[in-house]
Number of protein chains: 4
Amino acid sequence: MRRPRAREFGIELGGMEPGRYNSITDVDGVGVGHSTLIIGDDIRTGVTAIVPHQGNLYQENVTAAVDLFNAFGKATGLPQIMLEGVIETPILLTETLNTWKVADSVLDYFEERYGGAPSSLNVVVGETNGSYLTRNFGRHIGKEQVFEAIDLARSQKGRGPTPEGNVGGGTPMTGYGFKGGVGTASRIHDCFTVGVLVQLNCGGKEDLTIAGVPVGKEVELSKPPEESSGNSIMMIVATDLDANSRQLWKVAKRAAMGLARTGSYGSNRSGDFTISFSTGERSVDELVEAVPSKGDGFMNPVYKATVEATEEAIVNALFRAETMVGRDGNTRYALPLDQVERIFEKYGRHWNRP
Amino acid sequence: MRRPRAREFGIELGGMEPGRYNSITDVDGVGVGHSTLIIGDDIRTGVTAIVPHQGNLYQENVTAAVDLFNAFGKATGLPQIMLEGVIETPILLTETLNTWKVADSVLDYFEERYGGAPSSLNVVVGETNGSYLTRNFGRHIGKEQVFEAIDLARSQKGRGPTPEGNVGGGTPMTGYGFKGGVGTASRIHDCFTVGVLVQLNCGGKEDLTIAGVPVGKEVELSKPPEESSGNSIMMIVATDLDANSRQLWKVAKRAAMGLARTGSYGSNRSGDFTISFSTGERSVDELVEAVPSKGDGFMNPVYKATVEATEEAIVNALFRAETMVGRDGNTRYALPLDQVERIFEKYGRHWNRP
Amino acid sequence: MRRPRAREFGIELGGMEPGRYNSITDVDGVGVGHSTLIIGDDIRTGVTAIVPHQGNLYQENVTAAVDLFNAFGKATGLPQIMLEGVIETPILLTETLNTWKVADSVLDYFEERYGGAPSSLNVVVGETNGSYLTRNFGRHIGKEQVFEAIDLARSQKGRGPTPEGNVGGGTPMTGYGFKGGVGTASRIHDCFTVGVLVQLNCGGKEDLTIAGVPVGKEVELSKPPEESSGNSIMMIVATDLDANSRQLWKVAKRAAMGLARTGSYGSNRSGDFTISFSTGERSVDELVEAVPSKGDGFMNPVYKATVEATEEAIVNALFRAETMVGRDGNTRYALPLDQVERIFEKYGRHWNRP
Amino acid sequence: MRRPRAREFGIELGGMEPGRYNSITDVDGVGVGHSTLIIGDDIRTGVTAIVPHQGNLYQENVTAAVDLFNAFGKATGLPQIMLEGVIETPILLTETLNTWKVADSVLDYFEERYGGAPSSLNVVVGETNGSYLTRNFGRHIGKEQVFEAIDLARSQKGRGPTPEGNVGGGTPMTGYGFKGGVGTASRIHDCFTVGVLVQLNCGGKEDLTIAGVPVGKEVELSKPPEESSGNSIMMIVATDLDANSRQLWKVAKRAAMGLARTGSYGSNRSGDFTISFSTGERSVDELVEAVPSKGDGFMNPVYKATVEATEEAIVNALFRAETMVGRDGNTRYALPLDQVERIFEKYGRHWNRP
C-alpha cells in the first residue's frame with residue numbers, strides 16, 4: 001500500500017492552491033533527480049539534485065539568496081550566493097559526510113556533460129546527518145550517483161512528479177522522531193508559482209504539529225524514538241517570479257516560519273538552511289499591479305506561499321517516508337497514519353479527501 | 001467584566017510551566033512600566049519601559065542581542081547592540097512617530113534620575129505604527145510619559161504582574177485585525193527563567209492561529225477589519241541565564257518561531273524585531289550539566305521556552321485588549337472570546353480552566 | 001588665509017579624476033546643506049543634510065545600502081535600509097546627543113514643506129560624538145537648524161561646492177587628534193560618478209597616514225592631543241550609477257578601505273558606518289560594456305572610485321578644518337600644513353600644485 | 001640567493017614588535033605545515049594546514065569567528081563558525097578546485113590519526129584560484145598531501161619558522177600582478193600575541209602599496225602582468241588572548257584594513273575571507289587592566305596588531321615568492337627587490353636593516 005501525501009490523506013495546509021504536481025517542479029524549468037543507494041544492512045544513503053533550469057547554470061546563472069536561520073551545517077557555496085546573489089551550479093542535497101565528494105563530483109559533471117569545467121566553480125551542496133541509519137564514514141556517494149541525480153533532474157521525468165520520502169539525499173533521514181526524508185509542495189497564484197523541496201532530518205516527536213494539531217504528543221508508541229546524532233533541515237525554495245536577490249532573501253527567511261508551524265523550535269545542533277532562487281520567467285509587473293503597495297509589499301503572497309509550501313513539504317516527507325531498518329538494526333518508524341487519522345478527528349479536522 | 005488571559009481562559013500553549021506572574025517580570029530584577037495617554041477622540045497612545053535591572057544600566061550593562069527578522073521598522077540602538085552585545089539603557093516601546101522624542105527623553109531621565117547623562121548613550125526604543133486609532137503626527141509622548149514609565153518599571157509594582165492589552169506603547173495597536181497591544185508570558189525551568197513581552201501590531205485576521213486552531217478563519221464578523229497603515233511586532237526576551245551575546249542572538253531568533261505559530265507569514269512592511277537580554281543572575285553551569293551536549297546544545301530548553309512564551313504573549317495581548325474607538329471613529333474590535341470558546345470546542349480542545 | 005583642500009595643496013590620492021567640485025554634489029541631483037551653531041564659549045555644533053535628489057524622497061525613494069563596519073554608533077534608520085534597500089528621507093549628520101531631536105524634526109519638515117508627513121517614516125540620522133568641544137547635553141540642534149540644512153541642500157547653492165571642515169554636523173569633531181569635521185571628494189568615470197562625504201571624528205595622531213606618508217608620526221606637537229570621549233566616522237557614498245542595493249552594499253563596504261588607507265585600525269568604541277545610495281540616473285549598461293566581466297565584475301571601477309574618494313574626503317576634512325577652542329577651553333589644533341609640506345618632501349612626494 | 005622577508009630587507013610596517021619567528025606560529029601551540037606539489041610543466045599546487053593547537057580539535061574546539069568581507073569564494077565550514085563560534089578541525093588552504101577533495105581528506109585524517117571520525121564534522125578549507133600557473137582541473141591534492149601538511153603542522157618543526165612564498169596552498173598564486181603565495185607575520189604585546197598567515201592571490205600591479213609607497217605604480221616591467229582568472233586572499237588570524245567569538249569577529253574584520261593598506265580595493269570577483277581564532281591561553285584580565293576602557297575597548301591593541309601583521313604578511317608573501325613558470329609557459333615574476341630598494345629611497349624611506 002503506497003503511503004499517501006498529506007493532501008491525498010485529506011489534509012490541506014494554508015489556503016493557497018498547489019500546482020499541478022504539488023512539487024517544486026511546478027516551477028517551470030525546475031527539475032529534481034534522486035539517486036538512492038541501499039546496500040546490505042548498513043548503507044542507506046543517496047543524493048538529490050535540483051536544477052533551476054535545464055541548461056548550463058554556469059553560463060546562465062539564476063538569481064538566488066540564502067537564509068542561515070540556524071547554521072549548524074556544512075553546506076557549501078553559501079557565502080558566494082550571499083555576495084553575488086546567483087547560483088551557478090545545480091543544488092545537491094546529500095548525507096553529511098558525503099558533502100565534499102558530492103561537491104567534487106559536480107566538477108566532473110561540468111567537464112563531461114558541458115565540455116569543460118571552469119577554473120573556479122561555486123558548487124552548492126546541502127546536507128543533513130543520516131548516521132543513525134547509515135554507516136556514513138564510507139562516503140558512498142560519488143560521481144556515479146551525482147551524475148545519475150543531475151541527469152535525471154535534467155530530463156523530462158525530472159520535471160514531473162517528485163518522489164518523496166526515503167529517496168535521494170533523504171534516504172536515511174529522521175523527522176520529528178519518525179522516518180523523514182524528502183518532501184515537496186507548491187503554491188500557485190495568478191502571477192507566480194512557488195515550489196519548496198525539503199530534506200527533513202530535524203525535530204523531536206513531542207513537538208510535531210500538523211495543521212495545528214499536536215500529533216507528536218498524541219501519537220502513542222511502544223517506546224520513544226531514540227535520538228539521532230544529527231538534526232537538520234535543508235529547504236529549497238524556487239519561484240518563477242523575477243524577484244531580485246534581496247527579495248529572494250526575504251522569501252528564504254519565510255521558510256523558517258513554515259518550519260515553525262510544524263512544531264520545531266530550532267534545536268541548537270540543527271542546520272536549518274534555506275536557499276531560494278528564481279528562474280526569472282515571470283516579470284514582477286503583474287504582481288506589482290495585483291498587490292498595490294509601496295516597495296516590496298507586493299511580495300506578501302509570495303511569502304505566504306512559501307510558508308504554506310514549506311509546511312506542506314515537511315508533512316509530505318513524513319507521510320511518504322516508510323519505516324526503515326538501517327545500521328546496527330537501528331529503526332525509524334514511519335508516522336502511523338492510522339493514528340494520525342484518529343487524532344485529526346479528535347481535533348475536529350474536516351477531511352477533504354479527493 | 002475583565003477579559004481573561006489565555007491561561008485563565010483555559011488555553012495552554014506548549015508544555016513548559018509559566019512563572020509566578022506569567023510575565024517578563026518573572027525574570028528577577030526585570031521591571032515593566034506603562035504610561036498610557038488617551039485624550040479626546042483621537043489620541044490613543046503611550047509608552048512602555050522595560051528595565052533589565054533596577055539600577056543604572058549605563059553603569060551596569062546587561063548582555064544582549066538582536067534579531068532583525070523582518071526589519072521594516074525604526075527601532076533605535078540596534079546596530080550597537082549587535083556589535084557590543086550589551087544594552088546600556090532601559091528599553092522603551094512606543095508608537096512609531098514618537099520614537100525619537102522618546103529616545104531623547106531618556107537622556108533627560110539619566111540626567112535627572114542618575115545625576116548625569118553620559119556624553120554618548122545608546123538609547124533603545126522600539127515602535128509599531130498605531131495611526132489607525134491615534135492621530136500620531138502630534139507626537140504626544142515625551143519626557144513626562146517616559147519618566148512615568150521608567151519610574152514605574154523601577155518600582156516594586158513594576159516587578160509584579162504586568163498590565164496587558166491597551167496599555168503603554170500598545171495602546172492603539174492592532175493584532176491580526178483585532179485589537180492588539182501589549183502581551184507577556186514566561187516559562188520556568190529548574191535552571192533558568194525566560195520572559196517575553198510583545199507589542200503586537202501585526203497580522204491579518206485570516207491568519208490568526210491560537211494553539212493550532214485557525215481562529216482567524218473561523219471567527220465571524222459583520223464586516224472584515226479595515227487594514228491598518230502599519231503592521232509590526234516588537235518582541236523582548238529576558239532571561240536570568242548568564243548566556244553570552246552569541247547565545248542570546250540564537251534565543252532572539254526563536255521569537256520569530258513563536259510569532260509564526262500564531263499564523264504570521266512576516267508581511268513585508270512589518271517591523272518584526274526581537275531584542276533579547278540576560279540579567280546574568282543564573283550561571284549556565286547547572287543547565288550545562290542538566291542537558292549534556294557539545295557546544296551550545298544545552299540552550300535547547302531556552303529556545304523552547306522562548307518560542308512558547310512568545311506565542312503565549314501574543315495570544316495574551318489579543319485576549320486582554322478591549323475594543324477601542326479612536327480617531328475618525330476608527331474602531332478595533334476585541335477578539336470575541338465567546339466565539340473563540342465555540343471554535344476551540346469545535347476543534348476538540350480540552351479546557352484546562354483554573 | 002583660507003586653508004587649502006588636499007588637491008589645492010598638491011596632494012593627489014589615487015589615480016581617478018575628481019569631478020567639477022570634487023564633492024558629493026558632483027553626483028547630479030545631490031545637494032548638501034550645513035547649519036552651524038556656535039554660541040558663547042561652549043556650544044560648537046550643527047547639522048548637515050544630504051539630499052539624494054531635490055524632490056520628496058518619501059514619494060521617490062532612492063536605492064541604498066548600509067555597511068556596519070564598526071557599529072559603535074547611534075545612527076537611526078539603518079535596519080530598514082538593509083531590508084528594503086531604499087532611503088526615503090534626507091540623510092542628516094549631527095552631534096551624537098542631538099540625534100533624536102534631529103530625527104524628530106524631519107517629521108516637521110515633511111509636514112511643513114511637503115504638505116504632510118506620512119504616518120511612518122524611516123528617518124536616517126548619523127552622528128559622531130563632539131563632546132570634547134561642545135557641551136552636548138543641551139541638544140541645541142532642532143527644527144530650525146534641520147530646516148536650514150535641508151532647505152540649503154535643496155537649493156541651487158547646495159548643489160555647488162560643499163563647505164568643509166568646521167561646518168554642520170562636523171563642527172566640533174576631531175580627526176586623528178587634530179581638528180576634524182566635514183570632508184568631501186568625488187571621482188568621475190566615463191560611465192558614472194561617485195561622491196563621498198564624511199563626518200570625521202576618529203583616529204589617533206600616531207596613525208594618521210596621508211597618501212601613504214606617516215604624517216601623524218612625523219608631526220611634532222608641543223604636547224600630544226588629549227583623547228576625546230568619542231571616536232567615529234560617518235561615510236556617505238553617492239553615485240549616479242543605477243546599481244541595485246546588493247551592489248551598493250558592496251560599494252559601501254569599500255569606504256572602510258578608504259578609511260584604512262588614512263591609518264585607522266577601527267578602534268573599538270568607534271561608530272564607523274557607511275550609507276551608500278544611487279540616484280539611478282545612469283544605466284549600468286554602458287559600464288557593463290566597458291568592463292567585460294561575469295556578474296558584478298563591472299563594478300570594480302566603482303569600488304576603486306569609492307576607496308579613493310573616501311580617502312580624499314577624510315584628508316580634505318583635516319586640511320580644511322581650523323583650530324577650534326570649545327567648552328572648558330578644550331582646543332583642537334588644525335593639522336599644521338607647514339609641517340605636512342616638509343614631511344611630504346622628506347618622503348619624496350612630488351607636488352602637483354594647480 | 002634567498003629572497004629576504006620584508007623586515008630583513010629593512011622595511012618595518014606599523015609600530016608594534018613582531019614575535020620570535022614573526023609568524024603565526026608565535027602564538028603558542030599554533031602549527032603550520034605545507035605540502036607542495038610540483039609535477040612536470042603544468043602542476044604547481046599544494047595545501048597548507050594551520051592547527052590552532054596540537055591536539056584533537058574536535059574534542060577541544062577553539063573559539064573562532066569569520067569575516068566575509070568580499071565573499072566571492074568557496075571556503076567551506078564558515079556558516080557553522082559564525083553560528084557556534086568555534087573551529088573543530090585544522091584549517092586547510094589550497095587551490096580552488098581542490099577544496100572539496102581536501103575537505104574530504106580531513107575525515108580520513110580523523111579516522112586514521114585520532115582513531116575515529118565523528119559522524120558530522122565541520123571541515124574548514126579556504127581556497128584561492130591558482131589556475132594561471134597550474135592545470136587545476138586534475139585536483140591533485142588529496143589524502144597524501146593533506147596528511148603531510150597536517151602532520152607537519154602538528155610537529156615541532158611546524159611550530160617554528162614558517163616557509164613562505166611558493167609553498168603549500170600558495171604555490172601557484174599571484175599577488176598584485178607579481179608572484180604571490182603564503183606570507184606570515186606576528187605582533188607581540190605584554191598581554192597577548194597575534195599572528196597572521198595569508199594565502200595571497202589578489203590585487204592589480206598598479207595598486208600595490210608597501211609601507212605607503214606606491215611600489216606598484218613605480219615598478220617598471222617590460223610588459224604588464226597578464227590577468228589571472230582568479231583573484232582572492234585568505235587571511236587567518238590567531239591569538240592567544242582568550243577573547244570570545246564576538247570579539248574575535250571584530251578582530252577578523254580588521255584584517256581587511258591591513259589588506260587595504262597594501263592597496264587593494266576589494267575587486268569584485270575576489271574572495272577576501274578572514275578566519276580568526278583564539279587558543280585561549282592568555283586571560284583577557286591583564287589586557288583589560290592595561291587598557292582601561294568600557295566594554296570591548298581593551299581590544300584596541302589587538303586590532304592594531306591584526307592590521308599591522310596582516311599588512312606585513314602580505315608583503316612577506318611578495319618578498320619571499322620567486323618567479324615561477326607554470327602551465328602553457330605562463331610566468332609570474334617575483335617582485336623585483338632591486339627596484340623596490342630604489343623606489344623606497346626615492347620615497348625617503350629609512351632602512352632599518354638588521
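Naming: A, B, ... by sequence-line order, numbering from 1 per chain. Every heavy atom of this structure was used, including side-chain atoms; hydrogens, water molecules and symmetry mates were not. Because the structure is predicted, anything quoted here is derived from the model rather than measured.
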Of all of Ala211(A), Ser264(A), Gly14(A), which one pairs up most often with chain B through heavy atoms under 4.5 Å apart?
Ser264(A)

Kindly indicate whether the side chain of Asn300(B), heavy atoms from C-beta on, has any atom under 4.5 Å from the side chain of Tyr265(A).
yes

Contact part of Asp67(A) toward chain B, heavy-atom cut-off under 4.5 Å: side chain, backbone, both or neither?
neither

Considering only heavy atoms, which portion of Ser293(A) lies under 4.5 Å from any heavy atom of chain B: side chain, backbone, both, or neither?
side chain

In terms of heavy-atom proximity below 4.5 Å to chain A, should Thr209(B) be classed as side chain, backbone, both, or neither?
neither

Heaviest contributor of heavy-atom pairs below 4.5 Å to chain B, chosen from Arg261(A), Met299(A), Glu206(A), is Arg261(A)

Is it true that atom CD of Gln339(B) has more than 12 heavy atoms of other residues, nucleotides or ligands lying nearer than 6.0 Å?
yes

How about Glu341(B): does its CD atom have over 12 heavy atoms from other parts shown lying under 6.0 Å from it?
yes

Quick check on the interface: out of Ala256(B), Gly297(B), Ser267(B), who has the most heavy-atom pairs with chain A under 4.5 Å?
Ser267(B)

I'd like to know if Asp296(B) and Arg269(A) make a salt bridge, using a cut-off of under 4.0 Å between side-chain N and carboxylate O.
no

Nearest heavy-atom neighbours spanning Lys250(A) and Asn268(B):
NZ-OD1, 3.1 Å

Heavy-atom pairs under 4.5 Å with chain A are the metric here; pick the option from Gly263(B), Ser270(B), Gly295(B), Ala260(B) that has the most.
Ala260(B)

Non-hydrogen atoms of chain B under 4.5 Å away: do they reach the side chain of Phe69(A), the backbone, both or neither?
both

Within the 3.5 Å criterion, strictly below it, is a donor on Asn70(A) or Lys253(B) matched to an acceptor on the partner's side chain?
no

